[in-house]
Every structure is written in C-alpha cells, then in structure tokens.
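Notes follow the structure.
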Amino acid sequence: MGMHRAVLLQEAVSALVTVTNGCYVDGTFGCGGHSRAILSVLGNEGRLLAMDKDPQACAVAVEFSNGDARFDFAQGSFTGLPGHLQYWGVTAVNGILLDLGVSSPQLDQAERGFSFTHDGPLDMRMDTSSGETAAQWLARVQQAELAKVLRNYGEERYAGRIASAIVRARAQGPLTSTRQLAGIVAAANPRWEAHKHPATRSFLAIRMYLNQELEDLQSLLGDSVELLAPGGRLVVISFHSLEDRLVKRFMRTRARGGDLPAAVPVRELEMRRELKLVGKAVKPGAAELAENARARSAIMRVAEKINAG
C-alpha cells in the first residue's frame with residue numbers, strides 16, 4: 001500500500017495501552033502502523049482487534065494475522081465494532097484507537113480518486129467494493145443538495161457558486177476525473193487561500209459525505225463508553241475541525257455527566273460522569289512535522305472510562 005507514516009504514533013500508543021495484557025481495538029487499521037506499535041508493547045496475553053473498510057488494508061492485515069496469535073482483523077466500518085466484539089467473545093476492551101481521515105497511500109494512488117494532485121477516476125470510496133462513486137453521485141445530485149454538502153462537510157464559503165459550476169459542467173458531459181473536477185472547482189472559487197489548493201475543501205466534503213465519515217464517528221462514539229472496561233481509554237486522532245469538534249463535545253459532555261440543565265443545582269451523586277479527560281489535546285511536534293507535512297492538521301484527544309460506583 002505504499003509508504004504511510006502513522007501520525008502521533010508514540011503519543012497514541014502510550015495514551016492507549018495502560019494494561020500490557022489487555023485487549024485493544026484499532027478501529028482504523030490502514031497500513032498497520034499503529035497496530036504494529038501497539039503489538040510491540042503488548043504482553044503475551046494481550047489482544048489487538050483491528051478493523052478497516054478498505055480492501056487494501058485487509059491485504060496488509062492478512063500478513064499480520066499469519067504471524068501473531070494476539071491479532072484479529074475484521075473488514076468493515078468501525079461502526080460494526082459491537083457485533084465484532086461479540087463474535088470475538090469480548091465483553092469489554094481496555095482501549096479504542098481511531099485515526100480518522102485518509103491514509104497517504106489512499107491519497108497517493110491516483111486510481112482511488114481522493115487526490116486532486118494525481119489525475120484519476122472520480123471514485124473516493126474507502127470501501128471500493130460497495131456504494132456509489134463520486135462520479136455517480138455528482139452525475140445525479142441536485143444543485144441545492146450539493147451546495148449543502150460542500151458547506152456542511154467542507155466548510156466551503158463558496159459552496160453555492162461551486163455547486164452551480166459543477167452542475168453547469170456536467171450538462172456538457174460526464175465528470176469522470178479528479179483533475180477535471182479540481183479544475184471546475186478552482187475556476188469557480190474566487191478567493192484562493194494561501195498554501196491551499198482551491199479544491200481542497202470541496203474534495204474533502206464529497207469524500208466525507210460519500211463515506212459517511214461523521215455519521216460513522218458519531219455512531220462509534222455513542223457505543224464506545226459501553227464497550228470500554230473501567231479505566232479503558234478512548235484515543236481519537238482527527239484531521240478535520242468538524243471531526244475534532246464532534247470528539248471534543250462528546251468527551252466533554254460525558255465527562256460532565258451529560259448535558260445538564262442550566263441553573264439547576266445537581267449533587268455530585270446525581271451526575272452520571274462516564275469519562276474523565278486525560279491531558280490536553282495533543283498536536284504533532286516540530287520533528288514530526290518536519291518529516292511528515294500531512295501531520296500538520298492532526299489533533300489527538302484522550303478520555304478514560306470512570307469506574308462505576
């Protein structure tokens with residue numbers, strides 16, 4: 001799958017693994033960077049259960065499975081984690097790691113259609129075996145819906161203008177390549193941000209929408225507290241402000257004991273605090289950024305499940 005540097009590798013593993021013979025989940029296996037590092041610190045009785053939607057990740061995971069009895073893998077979205085844990089006979093885990101976003105190999109392979117710098121077919125699916133491609137979706141989506149996706153998922157200020165340009169362009173002929181789409185978006189974007197391709201936000205929005213990335217994240221966050229053993233940790237690395245906002249809000253709410261009504265006195269006993277925040281948000285240091293420019297937007301948050309009672 002090409003070269004991929006796992007972001008915040010040491011930081012994530014040391015935050016995640018608190019019991020060396022515990023059971024852990026890598027919900028976004030990718031190229032196996034985090035999994036490899038987790039296995040290196042686990043004891044003989046430890047277990048690592050990994051998941052990924054991407055068929056290419058499965059091929060990498062097969063090599064892992066052959067060599068290490070502590071490792072199990074399932075293909076699919078991490079939203080299926082509760083069912084997989086049941087299948088594996090695991091009632092609770094000591095840690096769940098999510099490294100969100102797209103891996104370098106996915107970006108670097110033109111045929112995946114994630115990148116506007118490599119010309120390739122407009123695909124953008126994490127799981128290439130199912131669902132609609134970006135080309136299929138762009139061929140049928142209504143202009144208002146497209147503008148809404150660009151605005152909500154990409155935080156694109158010129159969403160209306162870009163959506164209108166895409167709809168005009170597809171009337172001339174089908175949109176089939178990443179470079180073609182990037183050109184249409186760039187031409188429709190009146191104000192280019194410094195050091196940022198004008199199609200960045202639109203590509204991100206279409207990818208996140210097609211792969212239901214925010215919905216999947218929300219679903220797993222909701223399940224995570226139930227799946228963690230007391231003292232177990234949730235470690236999430238985000239690359240996008242919308243994802244990070246979701247994670248931050250979720251962790252803070254569960255650490256506070258839910259959304260409490262304002263101005264109503266609540267006794268400590270009545271508060272259902274389920275998590276406690278561990279440290280502050282972590283960003284890559286200068287050395288990591290010098291080696292891996294793609295780490296620049298990464299932010300890691302950690303929360304720990306509180307012992308009940």
query = Is there a side chain to side chain contact (heavy atoms under 4.5 Å, CB included) between Ile206 and Leu181 once you walk through the steps?
reply = CA-CA 11 Å; Ile206 294 166; Leu181 178 63; 4.1 Å; yes
key: Non-hydrogen atoms of Met300 and Glu11 that approach each other most closely   = CE-O, 3.7 Å
message = On a heavy-atom basis, which atom in Glu145 and which in Tyr209 lie closest, and how many Å separate them?
response = OE2-OH, 3.5 Å
request  = With sequence neighbours left out, write down each residue that passes salt bridge (Lys or Arg N to Asp or Glu O under 4.0 Å) with Glu226, or none if nothing qualifies.
outcome  = none
Qualifying residues under salt bridge (Lys or Arg N to Asp or Glu O under 4.0 Å), relative to Glu304, sequence neighbours excluded = Arg233, Lys276
ask   = Partners of Ala92 by side-chain contact (heavy atoms from CB on, under 4.5 Å), sequence neighbours excluded?
value = Ala229
task = Apply the side chain to side chain contact (heavy atoms under 4.5 Å, CB included) test between Leu16 and each candidate in Val235, Val302, Ile96; give the one that qualifies.
result = Val235
message = Please tell me whether Ile299 and Leu217 are part of a single hydrophobic cluster in this structure, the criterion being side-chain heavy atoms less than 4.5 Å apart.
response = no
task = Nearest 0.5 Å please: distance from the CD atom of Gln10 over to the CD atom of Glu288.
result = 9.5 Å
key: Of all pairs that satisfy side-chain hydrogen bond (donor to acceptor under 3.5 Å, both in side chains), the ones with a partner from residues 73-86, not counting sequence neighbours   = Ser77-Thr79, Ser77-Asp216
request  = Show your working on side chain to side chain contact (heavy atoms under 4.5 Å, CB included) between Met251 and Leu277 and close with a plain yes or no.
outcome  = CA-CA 7 Å; Met251 288 182 174; Leu277 306 179; 3.6 Å; yes
key: Which atom of Leu275 lies closest to which atom of Phe250, heavy atoms considered   = CD1-CE2, 3.9 Å
ask   = Looking at NZ of Lys305 and CG of Leu234, how far apart are the two atoms once the value is rounded to the nearest 0.5 Å?
value = 11.5 Å
ask   = Charged N to carboxylate O under 4.0 angstrom, Asp123 versus Arg125?
value = yes
query = Do the side chain of Asp52 and the main chain of Ala57 share a donor and acceptor less than 3.5 angstrom apart?
reply = no
message = Using 0.5 Å steps for rounding, measure from the CG atom of Leu81 to the OG atom of Ser224.
response = 9.5 Å
request  = Please examine the side chains of Val13 and Leu97, heavy atoms only from C-beta on, and report whether any two atoms are closer than 4.5 Å.
outcome  = no
query = Any side-chain heavy atom of Leu146 sitting closer than 4.5 Å to one from Trp137?
reply = yes
query = Mind checking whether Cys23 and Trp88 have side chains closer than 4.5 Å, heavy atoms only?
reply = no
request  = Answer whether the closest heavy-atom distance between the side chains of Met208 and Leu214 falls below 4.5 Å.
outcome  = yes
query = Is the side chain of Asn21 donor-acceptor paired with the backbone N or O of Glu45 at a distance under 3.5 Å, no angle test?
reply = yes
request  = Using a 4.5 Å cut-off on heavy atoms from C-beta on, say whether the side chain of Leu98 contacts that of Val247.
outcome  = no
query = Between Leu175 and Ala169, which heavy-atom pair has the shortest distance, and what is it?
reply = CD2-CB, 4.2 Å
note = Looking only at heavy atoms, the pair that brings Ala199 and Val185 closest together is CA-CG1, 3.7 Å
Beyond-backbone contact of Met124 with Phe203, side-chain heavy atoms, under 4.5 angstrom = yes
ask   = After noting the C-alpha distance and the side-chain angles of Val90 and Arg47, does the key distance pass the side chain to side chain contact (heavy atoms under 4.5 Å, CB included) rule?
value = CA-CA 10 Å; Val90 174; Arg47 281 188 84 185; 3.6 Å; yes
query = Leu227 versus Pro82: any side-chain heavy-atom pair under 4.5 Å?
reply = yes
query = When rounded to the nearest 0.5 angstrom, what distance separates CZ in Arg157 from CD1 in Ile162?
reply = 11.0 Å
query = Looking at residues at least two apart in the chain, or sitting in another chain, which of them share a side-chain contact (heavy atoms from CB on, under 4.5 Å) with Ser164?
reply = Gln143, Arg168
inquiry  = So, taking the atom named CG in Asp68 and the one named CZ in Arg70, what distance separates them when rounded to the nearest 0.5 Å?
reply    = 4.0 Å
task = Please report the closest heavy-atom contact between Ala205 and Gly154, naming both atoms and the distance.
result = CB-N, 3.4 Å
request  = Go through the structure and list residues passing side-chain contact (heavy atoms from CB on, under 4.5 Å) with Ser35, not counting sequence neighbours.
outcome  = Asp26, Phe29, Leu48, Ala50, Phe64, Phe71
message = Quick one: does any side-chain atom of Asn211 pair with a main-chain N or O of Met126 as donor and acceptor, under 3.5 Å?
response = yes
message = side chain to side chain contact (heavy atoms under 4.5 Å, CB included) for Thr18 and Tyr24? Distances and angles first, verdict last.
response = CA-CA 10 Å; Thr18 52; Tyr24 295 89; 3.8 Å; yes
ask   = Side-chain contact, heavy-atom cut-off 4.5 Å: His34 with Ile237?
value = yes
inquiry  = Using 0.5 Å steps for rounding, measure from the CG atom of Leu9 to the CD1 atom of Ile38.
reply    = 8.5 Å
ask   = Heavy-atom count around Arg191 CZ within 6.0 Å, excluding the residue itself: above 12?
value = no
